[in-house]
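Basis for what follows: all heavy atoms, side chains included, without hydrogens, waters or symmetry-related copies. Both counts, for ligands and for their atoms, begin at 1 and track the order of listing.
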Amino acid sequence: MYVERTLSIIKPDGVEKNVIGEVIKRFETNGIKIAAMKMIHLSKSQAQGFYAVHKERPFFDSLTDFMTSGPIVVMVLEGEDVIAKNRKLMGATNFKEAEEGTIRKAYATDIEKNVVHGSDAPETAAFEIGYFFNALELHAR
Ligand code: RTP
Ligand code: MG
């Protein structure tokens, strides 16, 4: 079995809407394990570093403001094919296009305030996990 890891974030709107447990429950009921987890409040420069791939996009400033607007929950998820599996559970970036039964369909209210983040490929997962967690904070499940 090929076990992968991915970075998941419950964004400030998800924390504010009190759905931390609902999001985690969806991971656990779908066989995904949590290998690391913490709650943090990003500074503007930390958010800019995390979203550096989007720095030329028109929404970069607004996105990094939003991501610093309150605490977030960062998690490392572990499981078979977990990068794609998590993206499927999240649903489309724009909640209006998200499939029924997805996290964003259930809780997102805005294209930006879309509750969760998930790494989109093995390379981005490696960068994003390393951005928030060191080796001692990662627990093989
Ligand atoms: P994420 O990176 O947060 O998991 O989301 P994603 O892959 O589905 O979407 P991505 O294209 O990577 O965009 C990152 C986040 O930027 C915000 N966004 N705003 N105003 C806009 O048009 C717009 N487009 C994207 C969203 O918060 C999106 O999740
Ligand atoms: Mg993305």
Q) ligand 1 versus Arg87, non-hydrogen atoms closer than 4.0 Å: side chain, backbone, both, neither? A) side chain
Q) Using heavy atoms and a threshold below 4.0 Å, how should the contact between Ile111 and ligand 1 be classified: side chain, backbone, both, or neither? A) both
Q: Check if Lys113 has a non-hydrogen atom at a distance under 4.0 Å from any atom of ligand 1.
A: no
So if I count the atoms of ligand 1 from 1 in the order they appear, which ones are less than 4.0 Å from some heavy atom of [X]?
{"X": "Glu112", "value": "26 (C), 27 (O)"}
{"X": "Gly118", "value": "4 (O)"}
{"X": "Tyr51", "value": "3 (O)"}
{"X": "Arg104", "value": "1 (P), 3 (O), 4 (O), 5 (O), 8 (O), 29 (O)"}
{"X": "Asn114", "value": "26 (C), 27 (O), 28 (C), 29 (O)"}
{"X": "Met90", "value": "4 (O)"}

Q: Take Ile129 and Leu138, measure what side-chain contact (heavy atoms from CB on, under 4.5 Å) needs, and give me the verdict at the end.
A: CA-CA 9 Å; Ile129 290 168; Leu138 291 164; 4.1 Å; yes
Q: Could you tell me whether Lys38 and Glu137 make a salt bridge, using a distance below 4.0 angstrom between a side-chain N and a carboxylate O?
A: yes
(Q) Whether Lys44 and Asp61 form a salt bridge (side-chain N of Lys/Arg under 4.0 Å from carboxylate O of Asp/Glu) is what I want to check. (A) yes
Q) Phe27: what forms a ring pair (Phe, Tyr, Trp, His ring centres under 6.0 Å) with it, not counting sequence neighbours? A) none
Tell me the protein heavy atom at minimum distance from [atom], and give that distance in Å.
{"atom": "atom 2 (O) of ligand 1", "value": "His117 ND1, 3.0 Å"}
{"atom": "atom 10 (P) of ligand 1", "value": "His54 NE2, 3.7 Å"}
{"atom": "atom 8 (O) of ligand 1", "value": "Thr93 OG1, 2.5 Å"}
{"atom": "atom 17 (C) of ligand 1", "value": "Leu63 CD1, 3.9 Å"}

Q. Can you list every ring-ring contact (aromatic ring centres under 6.0 Å, His included) pair that touches residues 59-90, not counting sequence neighbours?
A. His54-Phe59
Q) Can you tell me if Asn114 uses its side chain to pair, donor with acceptor, with the backbone of Ala108 under 3.5 Å? A) no
Q.
Main chain of Ile32, side chain of Asn30: is a donor-acceptor contact present, judged purely on distance under 3.5 Å?
A. no
Q: Select the closest option to atom 23 (C) of ligand 1 among Phe60, Phe59, Phe50, judged by heavy-atom distance.
A: Phe59
Q. Any N or O on Lys11 sitting closer than 3.5 Å to an N or O of ligand 1?
A. yes
Q: Could you check Arg5, Arg141, Lys33 and say which one makes a salt bridge (charged side-chain N to carboxylate O under 4.0 Å, His left out) with Glu78?
A: Arg5
Q. About how many Å separate CG of Asp13 and CE of Met67, when rounded to the nearest 0.5 Å?
A. 9.0 Å
**Q.** Parallel, tilted or perpendicular: ring planes of Phe132 versus Phe50, cut at 30 and 60 degrees
**A.** tilted
